Number of protein chains: 2
Amino acid sequence: MFEESGLPLYKSLYEKLRRQIEEGIYRSGDLLPSENELSALYGLARSTVRNALDRLVNDGFIVKQQGRGSIVKGKAKGVGILSLKSTSSALGGNLSTRLIVKPEIRSWKEAFGYTISQNERDAGCIYFERLRLINNRPVFFDITMLPNINLPRFTMHKLENASLFDLLRTAYQIEVTGGVQHLYALKANKELQEYFQVKAGHPVLQLNRKIETNRPGMHIYSKVFCNTQEYALFGTF
Amino acid sequence: MFEESGLPLYKSLYEKLRRQIEEGIYRSGDLLPSENELSALYGLARSTVRNALDRLVNDGFIVKQQGRGSIVKGKAKGVGILSLKSTSSALGGNLSTRLIVKPEIRSWKEAFGYTISQNERDAGCIYFERLRLINNRPVFFDITMLPNINLPRFTMHKLENASLFDLLRTAYQIEVTGGVQHLYALKANKELQEYFQVKAGHPVLQLNRKIETNRPGMHIYSKVFCNTQEYALFGTF
DNA sequence: GAGTGGTCTAGACCACCCG
DNA sequence: GGGTGGTCTAGACCACTCC
């Protein structure tokens with residue numbers, strides 16, 4: 001079944017099941033085939049099947065229940081805090097992005113308090129600022145910096161409509177593997193007052209992050225301000 | 001070695017290694033004994049050892065490197081956002097807790113906006129409030145509620161010096177498996193002004209969480225307020 | 001080349017859920 | 001009682017790191 005993919009068998013099975021869940025072939029609440037069935041179906045040892053299922057559990061696609069089976073959850077967990085949710089109504093998808101500073105190459109100054117490696121410093125810095133709007137109301141303002149390591153034509157891509165992480169994964173095979181973040185509550189300064197159209201003293205949430213990728217030594221640094229008046233920062237873990 | 005603990009073998013090994021890391025017997029950067037060494041040392045199959053090590057990886061205590069070994073990270077990742085870090089200096093461990101409301105059994109009123117199951121409602125609610133201080137300065141104020149399901153003598157335990165999660169894990173074999181959280185920035189109200197000794201309008205971070213456990217249908221509900229003036233909320237993912 | 005973790009097999013027995 | 005996932009064993013070969 002998976003002989004020619006080049007991937008480990010458990011990873012092929014993981015990808016296959018993940019795809020089937022994301023495409024709706026298995027829906028939330030459905031049971032996956034049992035471990036023994038999958039084992040027989042694809043000619044794999046049960047522990048290989050378990051390896052694939054364990055990763056689906058870890059990534060939030062399924063939960064297991066002894067005596068019952070593997071139950072599809074239907075949506076993956078976000079990476080740290082990334083998703084968001086309306087406090088008043090369901091987020092309809094009216095998400096838009098306004099580029100405040102287009103991606104440009106700079107030299108590094110600082111990285112929101114995180115330390116950068118000499119490699120990253122030498123490569124130079126891709127810098128951009130974005131304002132994110134939900135239903136045409138500004139909710140996020142973020143500053144992103146990443147080292148310009150083997151990212152040909154990065155500054156040519158549109159960041160308006162695509163997620164940075166989607167772009168990195170599909171165009172450069174860069175995946176987020178983890179990271180660290182710091183959170184603060186603070187009063188809006190003049191710039192944020194203007195972006196968010198709020199009064200002085202308005203409480204704003206700030207999120208600094210250093211994100212690890214599958215490229216050793218390559219990190220993404222970002223600072224995000226969030227107006228939580230109407231929308232809460234939301235995450236699963 | 002682990003015959004009489006009643007725990008699964010991999011879990012006993014996990015706890016043993018975790019303890020050794022937390023006690024500093026293995027320090028950050030050290031290599032753990034190899035899988036084959038641990039296997040021989042404790043008379044376990046290698047896959048049982050790997051099960052324990054995989055969980056240490058998952059919980060952030062070690063990282064593995066093919067061809068080298070299992071490298072101790074030294075500190076665990078928090079569950080979602082849980083850990084904290086000084087913005088000015090290293091957190092020296094002067095962490096103390098003041099119980100504002102001692103654990104008591106109540107009936108459920110609400111769960112910070114999350115929905116609770118009928119089972120949880122029927123079981124009643126263990127409720128407590130804590131103020132957490134770092135170097136004698138108040139930093140967190142949290143309200144915790146959990147269903148009183150099979151938790152004998154829970155209200156007898158001291159919550160001053162032990163983490164709730166450590167208590168649940170060691171005394172009741174309850175482990176956190178995931179959860180959902182919502183974050184807000186807001187102005188301190190009168191109660192928070194008093195607890196944190198800050199002025200009116202001071203920005204405060206609020207964190208609502210519904211935490212899943214390995215007991216199906218049992219959740220922990222908590223609301224945390226954080227004064228991020230000196231200490232940031234900190235998390236790895 | 002010796003040792004490490006990564007992948008994989010083919011079994012076994014157990015605890016748990018459901019009909 | 002039959003099927004499920006949970007735990008565990010005893011092997012094997014591979015990719016990688018380090019000396």
Side-chain angles (χ1 to χ4, degrees), chain A residues 1-17 26 29-58 61-73 177 214-217, chain B residues 1-17 26 29-58 61-73 119 149-150 173-175 177 213-218:
Chain A
M1 184 68 196
F2 301 126
E3 297 83 356
E4 307 181 23
S5 65
L7 285 176
L9 298 174
Y10 77 86
K11 206 169 276 188
S12 299
L13 179 57
Y14 166 91
E15 292 291 350
K16 186 180 188 70
L17 293 171
Y26 295 113
D30 285 357
L31 287 175
L32 287 187
S34 77
E35 296 180 353
N36 284 322
E37 282 171 346
L38 289 169
S39 169
L41 193 54
Y42 298 113
L44 302 171
R46 188 174 154 219
S47 62
T48 302
V49 172
R50 280 181 65 79
N51 192 344
L53 294 182
D54 285 349
R55 283 159 205 262
L56 288 171
V57 169
N58 219 3
F61 290 101
I62 64 173
V63 292
K64 287 181 163 201
Q65 217 171 309
Q66 191 176 135
R68 282 198 55 207
S70 300
I71 301 146
V72 174
K73 258 182 151 174
T177 55
N214 57 352
R215 284 200 194 168
Chain B
M1 182 67 194
F2 300 126
E3 296 84 357
E4 307 181 22
S5 65
L7 285 176
L9 298 175
Y10 78 86
K11 207 168 275 188
S12 300
L13 179 57
Y14 167 91
E15 292 291 351
K16 185 179 188 70
L17 294 172
Y26 296 113
D30 286 356
L31 288 175
L32 287 188
S34 75
E35 297 181 353
N36 284 321
E37 284 172 344
L38 289 170
S39 169
L41 194 53
Y42 297 112
L44 302 171
R46 188 174 154 219
S47 63
T48 302
V49 172
R50 280 180 65 78
N51 193 344
L53 294 182
D54 285 350
R55 283 159 205 261
L56 288 171
V57 169
N58 218 3
F61 289 102
I62 63 174
V63 291
K64 287 181 165 201
Q65 215 173 312
Q66 192 175 129
R68 281 197 59 205
S70 301
I71 302 145
V72 174
K73 261 180 148 174
N119 267 350
I149 303 175
N150 205 0
Q173 285 79 52
I174 294 175
E175 285 171 32
T177 54
T213 71
N214 58 351
R215 283 201 195 169
M218 176 168 178

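A quick note: this is a predicted structure, and the numbers were derived from the prediction, not measured. In what follows, chains are A, B, ... by sequence order, proteins preceding strands, each numbered from 1.
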[X] versus [Y], closest heavy-atom pair with distance:
{"X": "B:Met218", "Y": "B:Thr213", "result": "O-OG1, 3.0 Å"}
{"X": "A:Asp54", "Y": "A:Lys64", "result": "OD1-NZ, 3.7 Å"}
{"X": "B:Leu53", "Y": "B:Ser70", "result": "CD1-OG, 3.9 Å"}

Original post:
Looking across every strand, which nucleic acid part, if any, lies under 4.0 Å from B:Ser34 by heavy atom: base, sugar-phosphate, or nothing?
Top reply: sugar-phosphate
**OP:** Could you tell me whether A:Leu53 contacts a base, only the sugar-phosphate backbone, or nothing, with contacts defined as non-hydrogen atoms closer than 4.0 Å?
**Re:** nothing
Protein-nucleotide distance ([X], atom [atom1]; [N], atom [atom2]), rounded to Å:
{"X": "A:Tyr10", "N": "C:dG6", "atom1": "OH", "atom2": "P", "result": "9 Å"}
{"X": "A:Tyr14", "N": "C:dT7", "atom1": "OH", "atom2": "C1'", "result": "18 Å"}
{"X": "A:Glu35", "N": "C:dA10", "atom1": "CD", "atom2": "P", "result": "16 Å"}
{"X": "A:Asn51", "N": "D:dT7", "atom1": "CG", "atom2": "C1'", "result": "16 Å"}
{"X": "B:Ile62", "N": "C:dT4", "atom1": "CD1", "atom2": "P", "result": "15 Å"}
{"X": "B:Lys11", "N": "D:dT7", "atom1": "NZ", "atom2": "P", "result": "6 Å"}
{"X": "A:Leu31", "N": "D:dG5", "atom1": "CG", "atom2": "P", "result": "8 Å"}
{"X": "B:Gln65", "N": "C:dG5", "atom1": "CD", "atom2": "P", "result": "11 Å"}

Within less than 4.0 Å of OP1 or OP2 of [N], is there a side-chain N or O belonging to [X]?
{"X": "A:Thr48", "N": "C:dT9", "answer": "yes"}
{"X": "B:Ser70", "N": "C:dG5", "answer": "yes"}
{"X": "A:Lys64", "N": "D:dT4", "answer": "no"}
{"X": "B:Arg68", "N": "C:dG5", "answer": "no"}
{"X": "A:Arg50", "N": "D:dG5", "answer": "no"}

**OP:** For A:Arg55 and for B:Gly69, find the nucleotide of DNA chain C with the closest heavy atom, then tell me which residue's nucleotide is more 5'.
**Re:** B:Gly69
**OP:** Give a yes or no answer on whether the side chain of B:Arg215 reaches the backbone of B:Ile149 with a donor-acceptor pair at less than 3.5 Å.
**Re:** yes
Nearest to the side chain of [X], which nucleotide is it out of [options]?
{"X": "B:Asn36", "options": "D:dT4, C:dT4, D:dC8", "result": "C:dT4"}
{"X": "A:Arg46", "options": "C:dT9, C:dT7, C:dC13", "result": "C:dC13"}
{"X": "B:Gln66", "options": "C:dG6, C:dT7, C:dT4", "result": "C:dG6"}

Original post:
Do B:Tyr14 and B:Phe61 pass the side-chain contact (heavy atoms from CB on, under 4.5 Å) test, and can you show the C-alpha distance, the side-chain angles, and the key distance before you say yes or no?
Top reply: CA-CA 10 Å; B:Tyr14 167 91; B:Phe61 289 102; 3.9 Å; yes
